[in-house]
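First the structure, in the form of C-alpha coordinates, and then the observations on it.
Proteins come first, then strands; the chains are lettered A, B, ... in the order of their sequence lines, and each starts at number 1. For clarity, every value in this text was computed on a predicted model and none was experimentally measured.
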2 protein chains.
Amino acid sequence: MSDVEQYSTVFKALSAPVRLRLLGILPGDDREGALSVCNLAEKLGISQPCLSHHLNILRCAGLVRFKKDGCSTFYFVDRSYVERQLAGFRKWMVER
Amino acid sequence: MSDVEQYSTVFKALSAPVRLRLLGILPGDDREGALSVCNLAEKLGISQPCLSHHLNILRCAGLVRFKKDGCSTFYFVDRSYVERQLAGFRKWMVER
DNA sequence: ATAGAATATCTAAATATATGAATACTTCGA
DNA sequence: TCGAAGTATTCATATATTTAGATATTCTAT
(Lines give C-alpha, C1' and ligand atoms only; values in the text may rest on other atoms or scores of the structure.)
Protein backbone atom coordinates (compact mmCIF):
# COMPACT_ATOMS: atom_id res chain seq x y z
CA MET A 1 0.00 0.00 0.00
CA SER A 2 1.40 3.39 -0.96
CA ASP A 3 1.90 6.14 1.60
CA VAL A 4 -1.05 8.05 0.22
CA GLU A 5 -3.37 5.04 0.37
CA GLN A 6 -2.14 4.23 3.84
CA TYR A 7 -2.76 7.69 5.28
CA SER A 8 -6.01 8.00 3.39
CA THR A 9 -7.30 4.83 5.06
CA VAL A 10 -6.30 6.05 8.51
CA PHE A 11 -7.75 9.52 8.05
CA LYS A 12 -10.96 8.16 6.56
CA ALA A 13 -11.38 6.03 9.66
CA LEU A 14 -10.85 9.13 11.78
CA SER A 15 -13.17 11.34 9.74
CA ALA A 16 -16.52 10.34 11.24
CA PRO A 17 -17.60 12.06 14.46
CA VAL A 18 -19.16 8.86 15.75
CA ARG A 19 -15.86 7.02 15.33
CA LEU A 20 -13.95 9.76 17.11
CA ARG A 21 -16.41 9.63 20.00
CA LEU A 22 -15.92 5.89 20.01
CA LEU A 23 -12.14 6.26 20.17
CA GLY A 24 -12.65 8.64 23.06
CA ILE A 25 -14.53 5.97 24.98
CA LEU A 26 -12.37 2.97 24.18
CA PRO A 27 -9.52 2.24 26.56
CA GLY A 28 -5.87 2.24 25.56
CA ASP A 29 -3.84 -0.91 25.28
CA ASP A 30 -4.46 -1.76 28.89
CA ARG A 31 -7.97 -3.05 29.16
CA GLU A 32 -8.98 -0.95 32.15
CA GLY A 33 -12.44 0.48 31.82
CA ALA A 34 -13.38 -1.65 28.85
CA LEU A 35 -17.04 -1.85 27.81
CA SER A 36 -18.81 -4.55 25.89
CA VAL A 37 -19.97 -3.76 22.36
CA CYS A 38 -23.58 -3.66 23.54
CA ASN A 39 -22.79 -1.13 26.24
CA LEU A 40 -20.75 0.96 23.84
CA ALA A 41 -23.62 1.06 21.36
CA GLU A 42 -25.99 2.25 24.05
CA LYS A 43 -23.53 4.88 25.22
CA LEU A 44 -23.07 6.19 21.68
CA GLY A 45 -26.77 6.06 20.85
CA ILE A 46 -26.39 3.87 17.80
CA SER A 47 -27.48 0.32 17.02
CA GLN A 48 -25.22 -2.63 17.72
CA PRO A 49 -24.80 -3.57 14.02
CA CYS A 50 -23.92 0.02 13.23
CA LEU A 51 -21.29 0.03 15.94
CA SER A 52 -19.87 -3.25 14.67
CA HIS A 53 -19.53 -1.62 11.29
CA HIS A 54 -17.60 1.31 12.69
CA LEU A 55 -15.41 -0.93 14.80
CA ASN A 56 -14.65 -2.88 11.66
CA ILE A 57 -13.56 0.26 9.83
CA LEU A 58 -11.29 1.24 12.72
CA ARG A 59 -9.92 -2.29 12.90
CA CYS A 60 -9.19 -2.45 9.16
CA ALA A 61 -7.32 0.84 9.50
CA GLY A 62 -5.27 -0.68 12.31
CA LEU A 63 -6.45 1.86 14.87
CA VAL A 64 -8.13 -0.56 17.25
CA ARG A 65 -7.65 -4.16 18.23
CA PHE A 66 -9.71 -6.52 20.30
CA LYS A 67 -9.56 -9.41 22.69
CA LYS A 68 -12.27 -12.00 22.97
CA ASP A 69 -13.20 -12.84 26.50
CA GLY A 70 -15.78 -15.56 26.49
CA CYS A 71 -18.91 -14.37 24.82
CA SER A 72 -17.85 -10.73 24.89
CA THR A 73 -15.36 -8.81 22.80
CA PHE A 74 -13.33 -5.96 24.20
CA TYR A 75 -11.90 -3.39 21.84
CA PHE A 76 -9.09 -1.04 22.66
CA VAL A 77 -7.23 1.71 20.84
CA ASP A 78 -3.80 0.88 19.51
CA ARG A 79 -2.43 4.25 20.53
CA SER A 80 1.10 3.45 19.52
CA TYR A 81 -0.08 2.71 15.99
CA VAL A 82 -2.12 5.90 15.87
CA GLU A 83 0.85 7.95 16.97
CA ARG A 84 3.16 6.28 14.50
CA GLN A 85 0.74 7.09 11.70
CA LEU A 86 0.36 10.71 12.72
CA ALA A 87 4.11 11.11 13.04
CA GLY A 88 4.64 9.40 9.70
CA PHE A 89 2.20 11.67 7.97
CA ARG A 90 3.74 14.75 9.52
CA LYS A 91 7.12 13.67 8.21
CA TRP A 92 5.70 12.81 4.80
CA MET A 93 4.12 16.24 4.56
CA VAL A 94 7.19 18.19 5.62
CA GLU A 95 9.49 16.28 3.28
CA ARG A 96 7.80 17.79 0.26
CA MET B 1 -17.18 23.83 17.09
CA SER B 2 -16.49 20.91 19.43
CA ASP B 3 -13.19 19.06 19.46
CA VAL B 4 -14.76 16.07 17.77
CA GLU B 5 -16.32 18.17 15.00
CA GLN B 6 -13.06 20.02 14.54
CA TYR B 7 -10.91 16.94 14.16
CA SER B 8 -13.55 15.23 12.07
CA THR B 9 -13.45 18.11 9.59
CA VAL B 10 -9.68 18.03 9.38
CA PHE B 11 -9.48 14.25 8.98
CA LYS B 12 -12.27 14.20 6.41
CA ALA B 13 -10.30 16.71 4.38
CA LEU B 14 -7.26 14.45 4.65
CA SER B 15 -9.17 11.25 3.85
CA ALA B 16 -9.23 11.46 0.04
CA PRO B 17 -6.17 10.21 -1.84
CA VAL B 18 -6.49 12.96 -4.41
CA ARG B 19 -6.36 15.60 -1.68
CA LEU B 20 -3.30 14.01 -0.10
CA ARG B 21 -1.56 13.98 -3.46
CA LEU B 22 -2.54 17.61 -3.82
CA LEU B 23 -1.06 18.45 -0.42
CA GLY B 24 2.10 16.69 -1.50
CA ILE B 25 2.40 18.97 -4.51
CA LEU B 26 1.44 22.27 -2.88
CA PRO B 27 4.28 24.31 -1.43
CA GLY B 28 4.54 25.25 2.24
CA ASP B 29 3.96 28.74 3.47
CA ASP B 30 6.73 30.07 1.31
CA ARG B 31 5.49 30.26 -2.25
CA GLU B 32 8.49 28.58 -3.85
CA GLY B 33 7.52 26.09 -6.52
CA ALA B 34 3.90 27.17 -6.62
CA LEU B 35 1.73 26.00 -9.51
CA SER B 36 -1.40 27.58 -10.88
CA VAL B 37 -4.70 25.78 -10.37
CA CYS B 38 -4.78 24.81 -14.04
CA ASN B 39 -1.32 23.27 -13.89
CA LEU B 40 -2.18 21.48 -10.67
CA ALA B 41 -5.30 19.99 -12.24
CA GLU B 42 -3.29 18.71 -15.17
CA LYS B 43 -0.64 17.26 -12.90
CA LEU B 44 -3.28 15.47 -10.82
CA GLY B 45 -5.24 14.27 -13.82
CA ILE B 46 -8.54 15.80 -12.76
CA SER B 47 -10.66 18.59 -14.17
CA GLN B 48 -10.19 22.15 -13.01
CA PRO B 49 -13.66 22.39 -11.40
CA CYS B 50 -13.00 19.18 -9.54
CA LEU B 51 -9.72 20.54 -8.24
CA SER B 52 -11.40 23.75 -7.15
CA HIS B 53 -13.83 21.63 -5.18
CA HIS B 54 -11.04 19.79 -3.39
CA LEU B 55 -9.14 23.00 -2.72
CA ASN B 56 -12.30 24.40 -1.21
CA ILE B 57 -12.61 21.43 1.15
CA LEU B 58 -9.00 21.83 2.24
CA ARG B 59 -9.48 25.57 2.66
CA CYS B 60 -12.63 25.16 4.74
CA ALA B 61 -10.73 22.75 6.98
CA GLY B 62 -8.02 25.39 7.39
CA LEU B 63 -5.32 23.21 5.86
CA VAL B 64 -4.49 25.43 2.90
CA ARG B 65 -4.56 29.12 2.17
CA PHE B 66 -4.09 31.09 -0.99
CA LYS B 67 -2.78 34.29 -2.43
CA LYS B 68 -4.16 35.90 -5.51
CA ASP B 69 -1.54 37.12 -7.94
CA GLY B 70 -3.19 38.80 -10.86
CA CYS B 71 -5.35 36.38 -12.70
CA SER B 72 -3.85 33.36 -11.00
CA THR B 73 -4.34 31.94 -7.54
CA PHE B 74 -1.58 30.22 -5.64
CA TYR B 75 -2.44 27.82 -2.89
CA PHE B 76 -0.08 26.69 -0.19
CA VAL B 77 -0.27 24.33 2.76
CA ASP B 78 -0.61 25.88 6.19
CA ARG B 79 1.78 23.41 7.73
CA SER B 80 1.76 25.02 11.10
CA TYR B 81 -2.02 24.61 11.29
CA VAL B 82 -1.79 20.99 10.17
CA GLU B 83 0.79 20.24 12.85
CA ARG B 84 -1.21 21.99 15.51
CA GLN B 85 -4.25 19.91 14.62
CA LEU B 86 -2.33 16.64 14.65
CA ALA B 87 -0.71 17.51 17.96
CA GLY B 88 -4.06 18.56 19.39
CA PHE B 89 -5.70 15.33 18.36
CA ARG B 90 -2.87 13.28 19.78
CA LYS B 91 -3.27 15.06 23.10
CA TRP B 92 -7.04 14.69 22.99
CA MET B 93 -6.72 10.97 22.37
CA VAL B 94 -4.18 10.33 25.11
CA GLU B 95 -6.11 12.33 27.68
CA ARG B 96 -8.93 9.76 27.65
C1' DA C 1 -27.51 -31.28 22.42
C1' DT C 2 -29.90 -27.01 23.35
C1' DA C 3 -31.08 -22.36 24.81
C1' DG C 4 -29.70 -17.83 25.47
C1' DA C 5 -26.51 -13.97 25.22
C1' DA C 6 -23.09 -11.29 22.60
C1' DT C 7 -21.30 -9.98 18.32
C1' DA C 8 -20.90 -10.03 13.22
C1' DT C 9 -22.77 -10.05 8.61
C1' DC C 10 -26.27 -9.18 5.11
C1' DT C 11 -29.71 -6.25 2.98
C1' DA C 12 -32.03 -2.18 1.67
C1' DA C 13 -32.86 2.66 2.10
C1' DA C 14 -31.30 7.27 3.02
C1' DT C 15 -27.69 10.46 2.80
C1' DA C 16 -23.27 12.27 1.46
C1' DT C 17 -19.41 12.79 -1.64
C1' DA C 18 -16.94 13.00 -6.11
C1' DT C 19 -16.89 14.15 -10.72
C1' DG C 20 -17.26 16.64 -15.24
C1' DA C 21 -19.89 19.75 -18.23
C1' DA C 22 -21.75 24.13 -18.58
C1' DT C 23 -21.62 28.60 -16.99
C1' DA C 24 -20.40 32.67 -14.20
C1' DC C 25 -17.07 35.62 -12.35
C1' DT C 26 -12.41 38.18 -12.19
C1' DT C 27 -8.42 40.11 -13.85
C1' DC C 28 -5.32 41.74 -17.22
C1' DG C 29 -3.81 43.38 -21.69
C1' DA C 30 -5.01 45.31 -26.19
C1' DT D 1 -14.49 48.67 -23.37
C1' DC D 2 -13.60 44.12 -25.12
C1' DG D 3 -11.66 39.65 -25.35
C1' DA D 4 -9.05 36.05 -23.41
C1' DA D 5 -7.17 33.46 -19.59
C1' DG D 6 -7.70 31.67 -14.96
C1' DT D 7 -10.63 30.27 -11.30
C1' DA D 8 -15.10 29.42 -8.90
C1' DT D 9 -19.86 27.94 -8.87
C1' DT D 10 -23.93 25.40 -10.38
C1' DC D 11 -26.06 21.29 -11.82
C1' DA D 12 -26.82 16.47 -12.75
C1' DT D 13 -25.11 11.92 -12.31
C1' DA D 14 -22.44 8.18 -10.44
C1' DT D 15 -20.48 6.21 -6.53
C1' DA D 16 -19.64 5.58 -1.63
C1' DT D 17 -21.02 5.75 3.15
C1' DT D 18 -24.13 5.41 7.00
C1' DT D 19 -27.75 3.35 9.24
C1' DA D 20 -31.14 0.01 11.25
C1' DG D 21 -33.58 -4.29 10.89
C1' DA D 22 -33.23 -9.10 10.00
C1' DT D 23 -30.45 -12.93 10.25
C1' DA D 24 -26.27 -15.69 11.09
C1' DT D 25 -22.52 -16.98 13.99
C1' DT D 26 -20.03 -17.92 18.23
C1' DC D 27 -19.60 -18.97 22.86
C1' DT D 28 -21.25 -20.53 27.47
C1' DA D 29 -24.01 -22.76 30.74
C1' DT D 30 -27.37 -26.14 31.59
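Atom-to-atom, CG of B/Leu51 to P of C/dG20 comes out at 11 Å; the value is rounded to the nearest Å. If you take CG of A/Asn56 and C1' of D/dA20, they are 17 Å apart, rounded to a whole angstrom. Atom CG in A/Leu55 sits roughly 15 Å away from atom C1' in D/dT19 (whole-Å rounding). Whole-Å rounding puts the B/Asp69 CG to C/dT26 P distance at 18 Å. Atom CD1 in B/Ile57 sits about 13 Å away from atom P in D/dA8, given to the nearest Å. For B/Leu44 and D/dT7, the CG to P distance is 13 Å, given to the nearest whole Å. At whole-Å resolution of the value, NZ in B/Lys67 and P in C/dT26 are 22 Å apart. Here the C1' atom of nucleotide C/dA6 and the CD atom of A/Glu42 are 14 Å apart, to the nearest Å.
Nearest nucleotide to the B/Val37 side chain, out of C/dA18, D/dA8, C/dG20: D/dA8. The side chain of B/Lys12 approaches C/dT17 more closely than any other nucleotide in the set C/dA18, C/dT17, D/dG6.
The side-chain heavy atoms of B/Trp92 and B/Val4, taken from C-beta on, include a pair separated by under 4.5 Å. A heavy-atom distance below 4.5 Å is not found between the side chains of A/Leu26 and A/Phe76. At a threshold of 4.5 Å between non-hydrogen side-chain atoms, the residues B/Gln85 and B/Gln6 count as touching. Between A/Met93 and B/Val82 there is a side-chain heavy-atom pair separated by less than 4.5 Å. Between A/Leu22 and A/Tyr75 the shortest side-chain heavy-atom distance does not fall below 4.5 Å. Two residues are said to be in side-chain contact when any heavy atoms from C-beta on lie closer than 4.5 Å; A/Ile57 and A/Lys12 fail this criterion. Taking the side chain as every heavy atom from C-beta outward, B/Thr73 and B/Lys67 never approach each other to under 4.5 Å.
At a cut-off of 3.5 angstrom, counting only N and O atoms as typed in the model, there is a donor on one side and an acceptor on the other between the side-chain of A/Gln48 and the base of C/dA8.
Across all strands, A/Phe66 comes closer than 4.0 Å to no nucleic acid atom at all (heavy-atom distances). Nucleic acid contact class of B/Leu40 (heavy atoms, under 4.0 Å, all strands): none. Backbone-only engagement by A/Ser72 is indicated by non-hydrogen atom pairs under 4.0 Å involving sugar-phosphate atoms exclusively. Within 4.0 Å (heavy atoms only), A/His54 reaches sugar-phosphate atoms of the nucleic acid but no base atom. Using a 4.0 Å heavy-atom criterion, one finds that A/Arg59 contacts no nucleic acid atom at all. As judged by a 4.0 angstrom heavy-atom cut-off over every strand, B/Thr73 is placed among residues touching the sugar-phosphate backbone only.
For the pair B/Tyr75 and D/dG6, the criterion of a side-chain N or O lying under 4.0 Å from OP1 or OP2 is not met.
Residues B/Pro49 and B/His53 each lie close to DNA chain C; by heavy-atom proximity, the contact nearer the 5' end of the strand is made by B/His53. Residue-to-nucleotide proximity on DNA chain C shows that, of A/Cys71 and A/Cys50, the 5′-proximal contact is made by A/Cys71. Taking the nucleotide of DNA chain D with the nearest heavy atom to each of A/Gly70 and A/Val18, the more 5' of the two is matched to A/Val18.
Between B/Arg79 and B/Glu83, none of the side-chain N atoms (NZ, or NE/NH1/NH2) sits under 4.0 Å from a carboxylate O, so this pair counts as no salt bridge.
Of the residues in residues 3-11 of chain B, not one places a heavy atom less than 4.0 Å from an atom of DNA chain C.
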